[in-house]
Amino acid sequence: MIEFRGVTKRFPDGTVAVDALDLAVEDGKITVFVGPSGCGKTTSLRMINRMVELTGGTILIDGSDIMAGDAAQLRRGIGYVIQQSGLFPHRSILDNVATVPLLLGWGKRKARERATELMELVGLSPEMAQRYPAQLSGGQQQRVGVARALAADPPILLMDEPFSAVDPVVRENLQDELLRLQSELGKTIVFVTHDIDEAVKLGDKVAVFRTGGLLAQYDEPGHLLARPADDFVDGFVGRDRGYRGLGFLSANGLPVGELSTVGSGATGDQVREAARDGWTLVVSDAGHPLGWVQVGQALSGPVDTDALIAGGSLYDTEADSLRGALDAALSSPSGLGVAVDASGAVVGSVRAADVLAALATARRDEAAA
Amino acid sequence: MIDWSWFPTNAERLVPALGAHLLLALLPVVIGLIVAIPLGWVANRSRPARAVLVPVAGLLYTIPSLVLFILLPGILGTQILDPVNVVVALSVYTVALLVRSVADALAAVPGMVVAAATAMGYRPARRFAQVELPLSLPVLIAGLRVATVTNISLVSVGALIGIGGLGYFITDGFGRGNTTSIFAGVILIVVLALVFDALLVLIGRLVTPWVGVGRKAR
Ligand SMILES: Nc1ncnc2c1ncn2[C@@H]1O[C@H](COP(=O)(O)OP(=O)(O)OP(=O)(O)O)[C@@H](O)[C@H]1O
Ligand SMILES: [Mg+2]
């Protein structure tokens with residue numbers, strides 16, 4: 001556990017970047033520091049590996065004061081990933097990843113073997129091993145940065161806006177990868193971002209900072225969205241927080257209703273017969289949704305699969321939250337969200353009204369608890 | 001007119017003179033580099049040190065070489081004809097030139113990379129040797145090229161005070177009105193300078209294989 005006890009950082013010019021911070025980062029979890037620019041996130045993060053020396057209070061890692069030992073030694077046991085990756089431009093990808101094992105005196109061969117394993121772990125193909133960082137895309141460089149930080153298997157990983165310099169699609173990929181890695185590795189991760197969506201997506205716990213290095217709220221992301229501590233957090237968490245908060249509510253117990261479906265070879269009569277409220281869903285032989293037909297459409301021959309009305313998002317009954325269910329209902333042309341199982345086969349429908357009812361139940365349960 | 005038969009007959013004087021010229025020119029490059037690296041490091045680290053070192057280096061560079069060759073025996077207690085004077089004088093120029101190169105080269109190393117190295121657990125000395133110095137090589141080699149070419153040409157000034165090297169053939173040629181001797185001295189010095197400049201370019205490419213790979217293979 002990383003524990004901040006009354007931690008203060010006053011820079012020589014008098015700026016107080018962090019003010020009497022008390023916070024406990026839990027083991028094996030992702031803790032996100034989020035807040036507006038200049039609120040002291042980076043400073044707080046960098047005090048953990050002594051890149052910035054604190055001027056007041058104590059930071060404890062597993063009970064021992066970080067200031068007690070040698071700084072370089074401490075840093076070799078803490079992975080660090082920064083924006084733009086900070087890779088060594090003069091070293092091959094493999095040698096970049098092998099950096100900390102080499103510093104720890106592992107020997108070249110063992111360090112490179114380990115580096116090869118890590119490249120695979122973060123999804124970099126082996127032919128990149130001998131390239132230089134400048135020959136990689138931004139997203140690939142970020143993966144190398146993560147591999148380098150993990151190379152000596154440190155229990156703690158510090159990440160300072162690691163994904164902010166890549167385009168949104170790549171960023172989402174990298175975020176998903178991080179979550180996958182974390183489910184395998186269970187590191188204690190402190191992640192800094194100024195993007196609340198990223199914070200809420202990645203964090204097991206989110207610490208919202210306000211300017212001056214003050215902690216505004218430290219909570220699970222679902223709670224943060226549902227119950228911001230004050231106007232500052234409310235404003236920071238931003239628009240749509242009610243909708244986004246649905247992402248943290250389980251869809252267990254949400255009723256899955258019937259859904260009329262026809263096969264792709266259905267005739268006009270079969271469609272008319274199957275339709276409810278004028279709509280029916282066409283499914284493939286494997287039961288996967290292909291699209292909607294509306295009865296009003298001139299239906300002479302069999303269903304033309306090229307002329308179907310595109311469906312909305314799908315609600316995966318096994319993995320999705322209430323947010324996924326609501327979005328499926330709202331995005332469906334018929335107003336009925338298509339519910340599927342893990343294989344993608346249609347199992348029924350969801351209605352927006354049912355999602356809202358489930359939300360009300362969840363709120364009641366929470367209030368009672 | 002050039003008398004080509006002069007070359008074979010003077011070969012046994014030309015070859016040692018060539019060797020001596022190279023030694024007098026290159027030894028100072030090595031000494032200068034060894035001295036300039038720590039000085040450049042200090043200049044890059046501390047503002048006050050830079051404020052002193054860089055202008056002083058610039059000033060040293062403006063002292064005419066002949067003056068230095070003549071003044072040094074008085075300072076060092078050496079004989080006026082001692083080659084050490086030339087080596088010391090050229091080392092001073094090299095240091096003067098390279099201190100600035102080293103300081104600028106180190107300043108150009110991205111702060112993010114240095115910070116990352118520190119965060120990985122590098123201690124300052126190893127970080128300097130394995131990260132900062134390698135990354136400053138391109139600028140450093142550019143400085144070395146200038147120093148090497150300058151030294152190769154400046155050694156010939158030593159001939160005015162009677163110290164070896166190819167410059168002797170120039171001064172001697174002037175003395176005797178021997179055009180071929182002058183021509184031989186000039187051409188060999190120019191060729192030496194070009195060869196060593198090219199050699200440094202080549203070495204530079206070999207030791208900085210990461211430079212310029214960026215745009216390819218993306
Ligand atoms: N070396 C320094 N000297 C003086 N003030 C500093 C120094 N480093 C940071 N600060 C100040 O401390 C405050 C917190 O900076 P910090 O870098 O921790 O912010 P941040 O939350 O990471 O912001 P951003 O989202 O922009 O990265 C800012 O006001 C900043 O100007
Ligand atoms: Mg920051």
Checklist entry - What closest approach, in Å, do A:P89 and B:W210 show between heavy atoms, and which atom pair accounts for it? => result O-CB, 3.3 Å
Checklist entry - If you count heavy-atom pairs under 4.5 Å with chain B, which of A:R148, A:Q140, A:Q83 comes out on top? => result A:R148
Checklist outcome for this item: Bottom line for A:R50: the part with an atom under 4.5 Å from chain B's heavy atoms is neither
Checklist entry - Does the side chain of B:V211 reach to within under 4.5 Å of the side chain of A:H90, using non-hydrogen atoms? => result no
Next on the checklist: How long is the straight-line distance from CG of B:L135 back to CZ of A:R91, given to the nearest 0.5 Å?
Outcome noted: 9.0 Å
Checklist entry - Is it the side chain or the backbone of B:P209 that comes within 4.5 Å of chain A heavy atoms, both, or neither? => result both
Next on the checklist: Between B:R123 and A:R75, is there a side-chain heavy-atom distance shorter than 4.5 Å?
Outcome noted: no
Item to check | Heavy-atom pair with the smallest gap, counting every atom of A:R46 and B:A115 | outcome: NH2-CB, 3.8 Å
Checklist entry - CG of A:L102 to CZ of B:R126: how many Å apart, nearest 0.5 Å? => result 7.5 Å
Next on the checklist: Can you confirm whether more than 12 heavy atoms, excluding those of A:E120, are under 6.0 Å from its CD atom?
Outcome noted: no
Next on the checklist: For the CG atom of A:L103 and the CD atom of B:Q130, what is their distance to the nearest 0.5 Å?
Outcome noted: 7.0 Å
Item to check | Between OH on residue B:Y122 and CZ on residue A:R76, distance to nearest 0.5 Å | outcome: 9.0 Å
Checklist entry - Can you name the nearest heavy-atom pair linking A:G86 to B:A116, along with the distance? => result O-CB, 3.3 Å
Item to check | Exceeds 12 heavy-atom contacts within 6.0 angstrom, atom CD of A:E184 | outcome: yes
Item to check | Straight-line distance of B:M120 CE to A:I78 CD1, nearest 0.5 Å | outcome: 11.0 Å
Next on the checklist: Show the nearest heavy-atom pair for residues B:V213 and A:Q135, with the distance to one decimal.
Outcome noted: O-CG, 3.6 Å
Checklist entry - By a 4.5 Å heavy-atom criterion (distance strictly below it), what part of A:L87 contacts chain B: side chain, backbone, both, or neither? => result backbone
Item to check | Flag if over 12 foreign heavy atoms under 6.0 Å of CZ, B:R45 | outcome: no
